[in-house]
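Letters go in sequence order (proteins before strands), and every chain restarts at 1.
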Amino acid sequence: MTAVGSGRTRLEGHDKVTGAARYAGDVPADGLLHGWPVLATIPRGRITGIDTSAVQAMPGVVAVLHHGNSPRLVEGAGWTDADPNLQLLQDDRIPYAGWPVALVVAETFEQARAAAMALPVKYHAQPWDVTFSAAHPGLYTPDEVNLHQPSETAHGDLDAGLSASAVVLDRTYTTPEEHHNAMEPHAAIAQWVGGRLEVVDSNQGSYAVAQDLAKLFALDLSQVRVRSEHVGGGFGSKATTRPPAVLAAMAATVLCRPVRVVLTRRHMFSLVGYRPPTSQRIRLGAAPDGRLLAYEHLTATQTATTFEYVEPAGVVGKVMYAADALRIGHRVVRLDVPIPKWMRGPGEAPGAFALESAMDELAEKCGIDPIDLRIRNEPAVAPGSGRPFTSRNVVACYLEGAKRFGWYERDPRPGIRREGRWWLGTGMGAATYPGETAPATAAATAEIDGTVTIRITAADIGTGARTALAQIAADALSLPVEWIRMRIADSDFGPAILAGHSFGTASWGLAVDEACKALRARTTGTPTEPITVQVNTAELIQAMGRPERHAFGAQFAEVAVDVLSGEVRVRRLLGVYAIGRVVNPLTARSQLVGGMVWGLSMALHEEAVRDPAFGGHLNANLAGYHYAANADVPDIEVGWVDDPDLANPTGIKGAGEIGIVGVAAAIANAVWHATGIRHRNLPITPARVLATPPEGPRA
Amino acid sequence: MGRVEVTLTVNGVRHAIDVDTRMSLLDTVRERLALTGSKKGCDQGQCGACTMLVDGRRVVSCLQLAIAADGREVTTIEGIADRDRLHPVQQAFVDLDGYQCGYCTPGQICSAVAVLQEYSDGWPSAVTAADEPAALDEVEIRERMSGNLCRCGAYAGIVAAVGRAAEA
Ligand code: FES
Ligand code: FES
């Protein structure tokens, strides 16, 4: 039996259940100092004074770094784009509430915290605007959305399509500001060791962080080493270099001692990105049989004054449904807020909430089953590009899901199932996410004891990457998994794509597979000296081009709505996916289930609330910012269908993000089916349920 | 700031240490005793990542000052296994993938060990019916484990793992 395809418990499992696994904030050092960022309390203006003398004499305080005394940083650092969030303590400008204005460094955590609380900072505040609305006069059309994709995509005559349509749906859906809130707060420890800047950091890709630090501090890349052995969740918030690594490196450089910087939960609400709020207007025009003649998806969202990140909610329309005329557009407004960035399923997660809700509404209007409506609008080629898909097995997901869920026994009429005060309903939604591949370097070493060591700058942020890559190596070498030693998350192992965009296993897996094959070509059996082969997949991937390669899925939900309290309970979730080859069913299942839990949280719980009066959050903590706790999560069933796709020779598509996509719509559609009320604004809180009570007897 | 000497017995080892009076039990164990298995997710009592057992009961150690734990018996995640033999809860977490990133896991496991004790001591939970002792089924486990957040969403595995350990 091959290793790939069989469930394996995690290689680091023992360390994780015994407390031996060391995360960035756990790394000890002799003479360690603790840095505490002091954050701006106004959303826009200038610093007019920082009275360091007030805290300098406090016990244990070693330094207060601020724009007047901190090392100058080189501009331009950032992954794919210069990231202004890395230009820390460089000038007196305040671009948003929660921007670092100083770093207090002290001998102990308690001393640093006390001095940071006591540090007097004076500001000159300027008028600010932190309030997003779809009617904001500052909205403009950007040239590009996330990662240089076009902002607008169009073909056909939309107006003609709409006027020829027997059924027209015109709806607006909103999603709130959401935060990753990885369980592990961002942390870094930096120190100079033998002329090298050594950083252990909580990130999703140590190579890119090393590149950024080298650039910021004008160092040769060989003078920087970044590691992230264990990472306590990322979800995009640790994809790129974040302030702790920069601040710790800055302080370690000035003070010539090891420095640790760990964010508090509140710090995380302004410094590590977030999903910006969206308002999405969808217009669908259909023939009486449900066939789409016109499809329009216009997204309005917010970004910061310092960086233009545009949440690409419209991307779902480039993949999901055929329509004679298509128009996708985005607009964005710059506000005095922190920089939004990728959060699990950027674009697809909010976009699918709108689109998959709209498809449910269209099915209702046309009197067609929601699955039949989707199948009727299956595209022959990718609607956005007109190019063929490498594989497209979404219909298999619908049908397998419908069978497992008992979908076709469902009475489509809303508001007719009761269990006392609970109103019951079911709903579904489709899911899609790109299955792309990016370059990575991997080395395979045949050791003299017969084992093989794999080195790759992969990050295991909880995905099971370490284990999956060992399985891939084992098969490529025809060795038992136990004979593979995995070394990951060390920038010294060379460039490799970060753990994001569901890139990881497909991209690193390809590099590991190639390295192992190359090693096998060089040597078989046990060498007398270790033999190492290193490969980089950049050229291979260049040759692959950027085909329309996507994962798909179908999400099903059963809910109960208490019309007296407004509570929505999810009773059952089912997801069926086409995600290419599944390397490790045990951990892939956990990833997909985890994504679906995120979808549930998005549907019912998550919302960061910003106060226009002071520009910061009202709920920047885990008591005020809700995501699902154990008792909120029902039985979740996950399955996958055959999805062969060798456009990446490993056949892997990635499972990190697709699990969240479409779940919120499935739940909202189920709430409609239960109550007859459409909820187009997330999250569907008790207050919102109570504000629009369904018709009919209460109990 | 004030300093005070406290005596903590942690995982069976007695330590007399002098601490800053502001130090939480969590930070004391992590920074002074080099036991970094217990995690800090919020430092505000809202996530459960720092859960330890103090005199056999689960506490969120970020909300307990070290001086308040003076003289007490503390068990951290490093003390849950019987030397090299994993506790049944730990083994079940590994076997049933009751985690992803593992950051909430030390707290989940300490909580789960306490849940099994609380249940066998006959403590009810919010979902226990008034008149009959409930079985430790999924509904009970979910409720009793809800003080420990998991952002990876590993709850299904956690519930299965606690259920299996309860049978062991
Ligand atoms: S760290 Fe103690 S409850 Fe979160
Ligand atoms: S396993 Fe990552 S937070 Fe629970």
Requested in this report: Find out whether Lys16(A) and Tyr103(B) are in side-chain contact, i.e. whether some heavy atom of one side chain is under 4.5 Å from a heavy atom of the other.
Outcome: no
Query raised in the report: With side chains defined as the heavy atoms from C-beta onward, is the minimum distance between Asp26(A) and Arg30(B) less than 4.5 Å?
Result: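 Touching, per the 4.5 Å side-chain cut-off.
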Show me the side-chain donor-acceptor pairs of residues 585-594 of chain A shorter than 3.5 Å, one per line, residues at least two apart or across chains.
unit_1	atom_1	unit_2	atom_2	d
Thr587(A)	OG1	Asn584(A)	O	3.4
Thr587(A)	OG1	Asn584(A)	ND2	3.4
Arg589(A)	NH1	Val638(A)	O	2.8
Ser590(A)	OG	Leu586(A)	O	3.4
Ser590(A)	OG	Asp97(B)	OD2	2.5

Separation between [atom1] of [X] and [atom2] of [Y], rounded to the nearest 0.5 Å:
X	Y	atom1	atom2	result
Asp632(A)	Tyr155(B)	CG	OH	7.5 Å
Arg151(B)	Ser237(A)	CZ	OG	9.5 Å
Cys150(B)	Met183(A)	SG	CE	7.5 Å

Query raised in the report: With sequence neighbours left out, what residues match Arg113(A) under salt bridge (charged side-chain N to carboxylate O under 4.0 Å, His left out)?
Result: none
Heavy-atom proximity to chain B below 4.5 Å, by part of [X]:
X	result
Arg260(A)	side chain
His34(A)	side chain
Ala20(A)	neither
Val633(A)	both
Asp635(A)	both

Query raised in the report: Knowing that exactly one of Asn181(A), Asn621(A), Leu622(A) qualifies, which makes a side chain to side chain contact (heavy atoms under 4.5 Å, CB included) with Cys42(B)?
Result: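 When Asn181(A), Asn621(A), Leu622(A) are each tested with Cys42(B), the side chain to side chain contact (heavy atoms under 4.5 Å, CB included) holds only for Leu622(A).
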Among [options], residue most engaged with chain B (heavy-atom pairs, under 4.5 Å):
options	answer
Glu12(A), Glu110(A), His180(A)	Glu110(A)
Arg10(A), His14(A), Arg344(A), Arg22(A)	Arg10(A)
Ala187(A), Ser601(A), Gly232(A), Gly595(A)	Gly232(A)
Met596(A), Glu606(A), Gln111(A)	Glu606(A)

**Report entry** Gln91(B) versus chain A, the contacting section by heavy-atom distance below 4.5 Å
**Finding:**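 Looking at Gln91(B), nothing touches chain A.
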**Report entry** Side chain / backbone / both / neither for Leu35(B) at chain A, heavy atoms under 4.5 Å
**Finding:** neither
Report task. Could you tell me whether Asp84(B) atom CG has more than 12 heavy atoms of other residues or ligands within 6.0 Å of it? Result ->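 Check fails, neighbour count at 12 or below.
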Query raised in the report: So does Asp121(B) have more than 12 non-hydrogen atoms from other groups sitting under 6.0 Å from CG?
Result: yes
Counting distance only, does the side-chain N/O of [X] pair as donor-acceptor with the main-chain N or O of [Y] below 3.5 Å?
X	Y	answer
Trp598(A)	Cys152(B)	no
Gln90(B)	Val17(A)	yes
Thr9(A)	Asp95(B)	no

Query raised in the report: What's the verdict on side chain to side chain contact (heavy atoms under 4.5 Å, CB included) for Leu86(B) and Thr18(A), showing C-alpha distance, side-chain angles and the deciding distance?
Result: CA-CA 8 Å; Leu86(B) 292 181; Thr18(A) 57; 3.5 Å; yes
Taking [options] one by one, which has the highest count of heavy-atom pairs under 4.5 Å against chain A?
options	value
Leu96(B), Ile141(B), Asp43(B), Asp27(B)	Asp27(B)
Leu149(B), Ile158(B), Val139(B), Thr105(B)	Leu149(B)
Ala154(B), Gly153(B), Cys47(B), Gly37(B)	Gly153(B)
Glu31(B), Glu138(B), Glu143(B), His87(B)	Glu31(B)

Shortest non-hydrogen contact from [X] toward [Y]:
X	Y	answer
Gly41(B)	Pro185(A)	O-CG, 3.8 Å
Ala114(A)	Arg22(B)	CB-NH1, 3.3 Å
Ala631(A)	Ser146(B)	N-OG, 2.8 Å
Arg142(B)	Pro634(A)	NH2-C, 3.8 Å

Requested in this report: Please identify each residue that fulfils side chain to side chain donor-acceptor pair (under 3.5 Å) with Thr7(B), with sequence neighbours left out.
Outcome: none
**Report entry** Six-ring centre of Phe109(A), Lys40(B) cation under 6.0 angstrom, axis tolerance 45°
**Finding:**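 Yes, Lys40(B) sits over the ring of Phe109(A).
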Query - Neighbours of chain B found in residues 261-268 of chain A - heavy atoms under 4.5 Å - result: Arg265(A)
